[in-house]
Amino acid sequence: MAEHYTRFKDISVSERILNTVFLLTIGLGYLMALANMYYTHQGLDGKAGLSVEDVVISYHGSSSQTRLGTAIRGIMEPNLKYKGDQDVILQWIQHGADEPEYNEKVAPILNRDCVTCHTPSINPSLPDLTHYATVSEVAHAGGATVPALVRVSHIHLFGIAFILFFIGKIFLLCDINVYVKRVAVVIPFAAMLLDVVSWFITKSTPSFAYVVVYSGALMGLSMGLQILLSIYQMWFYSNK
């Protein structure tokens, strides 16, 4: 007797609705994640928009500028309540970014205008600006620290892995070649792992920033295709 595998035509309308709203919600969440990534990394090179150089500065660092200084002159400037606070922070960086001056002049500004977003419990992907030890990491030339990369990567791996698993489980109900499905469900996991590993390699080898970009794009594209194909076959495809 031939083996029978469940396909979208075998599930109920209620299950199709559940799968569809889940996939649409995940798709919207991913778009918001892309927007967050854009606003987190763009402008670090002093130019508008997101570029590979921004990725290099985020992970490897820059010999001529600090992440905090670049942000204060660029994307974070509108968040400062008073224009003069920009000069206070930049002068602190130029003076060596020491702790006494931080406590006296810089901490009150950051606590008032920045920590609403730059707090690990609120947004672990953004630099932590809640205390001197973490602020000093972005106030000196250099990219993300290894502890920061470890913190973000373990959250990234745990969270994205669950999302890809459930998307893949639904995608397996598609009526397509079984070997294509086996390869398709592996690709986003492989791309995610390559993406995370590339963060650490880019820390020492800036040219690896291209791998960060391409692996992230591959994960998003493969995940998006699984979502779109699953929704299409659930509602518009018939192979009786």
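Counting from 1, the numbers follow the sequence of the chain as shown.
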> Answer yes or no: is there a side-chain heavy-atom contact under 4.5 Å between Phe200 and Ser153?
yes

> Check whether any side-chain heavy atom of Asp85 lies under 4.5 Å from a side-chain heavy atom of Arg112, and answer yes or no.
yes

> Are Leu24 and Leu34 linked, directly or through intermediate hydrophobic residues, by side-chain heavy-atom contacts shorter than 4.5 Å (ILVMFWY only)?
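Same hydrophobic cluster.
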
> Going from NZ on Lys9 to OG1 on Thr6, what distance comes out if it is rounded to the nearest 0.5 angstrom?
9.0 Å

> How about Leu129 and Thr134: do any of their side-chain heavy atoms sit closer than 4.5 Å?
no

> Only pairs at least two apart or in different chains count here, so list each ring-ring contact (aromatic ring centres under 6.0 Å, His included) that has a residue in residues 213-232.
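The answer is none; no pair qualifies.
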
> Hey, is OH on Tyr82 packed in by over 12 heavy atoms from elsewhere, all under 6.0 Å?
no

> Give me the atom names and distance for the closest heavy-atom approach of Ala209 to Val55.
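For Ala209 versus Val55, the nearest heavy atoms are CB-CG1, 3.9 Å.
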
> A side-chain contact here means heavy atoms from C-beta on lying under 4.5 Å apart; do Pro188 and Gln226 qualify?
yes

> Answer yes or no: is there a side-chain heavy-atom contact under 4.5 Å between Leu229 and Ile176?
yes

> When hydrophobic residues are tied together by side-chain contacts of less than 4.5 Å, even through go-betweens, does Ile187 share a cluster with Tyr30?
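Hydrophobic grouping puts Ile187 apart from Tyr30.
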
> Taking a hydrophobic cluster as the set of Ile, Leu, Val, Met, Phe, Trp and Tyr residues connected by side-chain heavy atoms closer than 4.5 Å, whether directly or through intermediates, do Val88 and Val135 fall within one such cluster?
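Yes; Val135 is reachable from Val88 via cluster members.
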
> What residue pairs, at least two apart or across chains, pass ring-ring contact (aromatic ring centres under 6.0 Å, His included) with a residue in residues 144-172?
His156-Trp199

> So, taking the atom named CD in Gln91 and the one named CD in Gln86, what distance separates them when rounded to the nearest 0.5 Å?
10.5 Å

> Which value, rounded to the nearest 0.5 Å, describes the distance between Leu173 atom CG and Arg16 atom CZ?
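Going from CG on Leu173 over to CZ on Arg16, the span is 10.5 Å.
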
> Looking at Asn103 and Pro100, would you say the former's side chain and the latter's main chain have a donor-acceptor pair under 3.5 Å?
no

> Going hydrophobic residue to hydrophobic residue with side-chain gaps under 4.5 angstrom, can you get from Val186 over to Tyr179?
no

> Minimum heavy-atom separation for Asp113 and Asn79, please, with both atom names.
CB-O, 3.5 Å

> Output yes when a side-chain donor or acceptor of Asn111 lies under 3.5 Å from a complementary backbone atom of Ala107, and no otherwise.
yes

> So if you build clusters from Ile, Leu, Val, Met, Phe, Trp, Tyr with side-chain heavy-atom gaps below 4.5 Å, do Val178 and Val185 land together?
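Each belongs to a different hydrophobic cluster.
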
> Under 3.5 Å, is there a donor-acceptor pair between the side chain of Thr205 and the main chain of Thr202?
no

> Determine yes or no for a side-chain-to-main-chain donor-acceptor pair under 3.5 angstrom, with Lys203 supplying the side chain and His60 the backbone.
no

> State, yes or no, whether a side-chain contact exists between Leu23 and Met234 at a heavy-atom distance under 4.5 Å.
yes

> Locate the shortest heavy-atom distance separating Phe189 from Leu164; write the atom from each residue and the value.
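Closest approach of Phe189 to Leu164: CZ-CB, 3.5 Å.
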
> Any idea which heavy atoms bring Met223 and Ile167 closest together, and the distance?
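Residues Met223 and Ile167, closest heavy atoms: CG-CD1, 3.5 Å.
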
> Between atom CE of Met37 and atom CE of Met32, what is the distance when rounded to the nearest 0.5 Å?
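Result: 12.5 Å between the selected atoms.
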
> If you compare all heavy atoms of Ser198 against all heavy atoms of Val212, which two are closest, and at what distance to 0.1 Å?
CB-CG2, 3.5 Å

> Tell me if a side-chain donor or acceptor on Thr119 pairs with a main-chain N or O of Thr116 at a distance below 3.5 Å.
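It does not hold such a pair.
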
> Does Trp92 reach the main-chain N or O of Glu101 with its side chain, forming a donor-acceptor pair under 3.5 Å?
no

> Please determine whether side chain to side chain contact (heavy atoms under 4.5 Å, CB included) holds for the pair Asn19 and Ile11, giving the CA-CA distance in whole Å, both sets of side-chain angles, and the decisive distance to 0.1 Å.
CA-CA 10 Å; Asn19 289 340; Ile11 65 176; 3.8 Å; yes

> Considering all heavy atoms of both residues, which atom of Ile231 and which atom of Phe236 are nearest to each other, and what is their separation?
O-CD1, 4.3 Å

> Side chains of Leu110 and Ile89: does their closest heavy-atom pair fall under 4.5 Å?
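In short, these two side chains touch, coming nearer than 4.5 Å.
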
> Taking the side chain as everything from C-beta on, heavy atoms only, tell me whether Val211 gets closer than 4.5 Å to Ile201.
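No; the side chains remain at least 4.5 Å from each other.
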
> Hey, is the main chain of Pro127 close enough, under 3.5 Å, to the side chain of His118 for a donor-acceptor pair?
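Indeed, once roles are kept as given, a pair shorter than 3.5 Å links the two residues.
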
> Could you grab the distance from atom CZ of Phe8 to atom OG of Ser230, nearest 0.5 Å is fine?
4.0 Å

> Got a second to check how far Ile227's CD1 is from Phe22's CZ, nearest 0.5 Å?
8.0 Å

